[in-house]
2 protein chains.
Amino acid sequence: MSLTHLQSFVAVAEEGHVGRAARRLHLSQPPLSRHILALEDELGTRLFERTSRGMRLLPAGEAFLCHARRILAEVDAAVLAVRGLGADRTDH
Amino acid sequence: MSLTHLQSFVAVAEEGHVGRAARRLHLSQPPLSRHILALEDELGTRLFERTSRGMRLLPAGEAFLCHARRILAEVDAAVLAVRGLGADRTDH
DNA sequence: ATGTGTTACGAGCCACGTAACAATT
DNA sequence: AATTGTTACGTGGCTCGTAACACAT
């Protein structure tokens, strides 16, 4: 699992559509589709139902979505927390 | 930034030593050292003080460590949350 | 000289994009 | 036929490990 996979998952979950999510991520469809497949494979669970119109979240996907968002938000928070402590003071 | 980099950072922070952390991660020193350097480069901040005995966390590193641990814990939680919802029930 | 982290460099893997495919409407 | 997601396949880049390095003790 990678942060990229999580970002891909959230984008597809929100768009309900691999094509649109790919445009939003500045990526082509195949890699994005592979991200989702890899994630599902790694988790051992399908996250989306494939319809002829796009992708709809399954219950496992909805559960995972909350966690994925929290993780990505925490990453942003981590970056922000460190910016501003740039000086290499040893702080004793 | 990648989850691998975060795992590497936590290991080095806990061991205070790239060599020991590398053994713990079943990795050789150079890639691990590069993970830390890449992280510092991406964050624009030094996270460790290099001593002749090893690596000691700087204030920015200590701040980042909390976040890194939380992120990794959340990843584990996300995986556990999905395991057990394996059946593709549509749940309405 | 021993032990630390880092840089050079070559090889293998990974992930992208284009193109072709499968399937539904 | 048009629109969806997926698979094939080749190329570029990334990342590993070995070896060589720089520095301190």
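All of these numbers come straight from a predicted model, not from anything done at the bench.
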Whole-Å gap separating [atom2] ([N]) and [atom1] ([X]):
X     : N      : atom1 : atom2 : result
B/F48 : C/dT4  : CZ    : P     : 16 Å
A/E49 : C/dA23 : CD    : P     : 18 Å
B/R56 : C/dT4  : CZ    : P     : 16 Å
B/L47 : C/dT6  : CG    : P     : 12 Å
B/L37 : C/dT4  : CG    : C1'   : 14 Å

Task: Shortest non-hydrogen contact from A/L72 toward A/L3 - done: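 Closest approach of A/L72 to A/L3: CD2-O, 4.2 Å.
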Open item on the list: To check you understand the geometry: which heavy-atom pair defines the closest contact between B/V18 and B/Q29, and what is its length?
Closed with: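 Scanning both residues, the minimum pair turns out to be CG1-O, 4.0 Å.
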TODO: Please report the C-alpha distance between A/V75 and A/Q7 in whole Å, then the side-chain angles of each, then the deciding distance to 0.1 Å, and finally whether the side-chain contact (heavy atoms from CB on, under 4.5 Å) criterion is met.
DONE: CA-CA 11 Å; A/V75 170; A/Q7 291 173 312; over 6 Å; no
Task: Under 4.0 Å protein heavy-atom contact, by nucleotide of nucleotides 10-25 of chain D - B base, S sugar-phosphate only - done: ------BBBB----SS
Open item on the list: Whether A/S33 contacts D/dT6 is assessed here as follows: a side-chain N or O lying under 4.0 Å from the phosphate OP1 or OP2. Is that the case?
Closed with: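 True: A/S33 side-chain N/O within range (under 4.0 Å) of D/dT6 OP1/OP2.
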Open item on the list: Let me confirm one number: the CG-CG distance from B/L39 to B/L43, rounded to the nearest 0.5 Å.
Closed with: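 Here the rounded value is 5.0 Å.
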Task: Flag, side chain of A/E42 to backbone of A/M1, donor-acceptor distance under 3.5 Å - done: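 Between the backbone of A/M1 and the side chain of A/E42 there is a qualifying donor-acceptor contact (under 3.5 Å).
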Task: Test item: A/R56 side-chain N/O and A/G54 main-chain N/O as donor-acceptor pair under 3.5 Å - done: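 Looks like no, no N/O pair under 3.5 Å.
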Task: DNA chain C contacts among residues 12-23 of chain B, heavy-atom distance under 4.0 Å - done: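 Those residues are B/H17, B/V18, B/G19.
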Task: Parallel, tilted or perpendicular, as decided by the 30° and 60° cut-offs, for the rings of A/F64 and A/F9 - done: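 The rings of A/F9 and A/F64 stand perpendicular, inter-plane angle above 60°.
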- [ ] Using a strict cut-off of less than 4.0 Å between a Lys/Arg side-chain nitrogen and an Asp/Glu carboxylate oxygen, indicate whether B/R24 and B/E14 qualify as a salt bridge.
- [x]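 Yes, this pair counts.
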- [ ] Could you tell me whether B/I36 contacts a base, only the sugar-phosphate backbone, or nothing, with contacts defined as non-hydrogen atoms closer than 4.0 Å?
- [x]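 No contact at all - B/I36 keeps every heavy atom at 4.0 Å or more from the nucleic acid.
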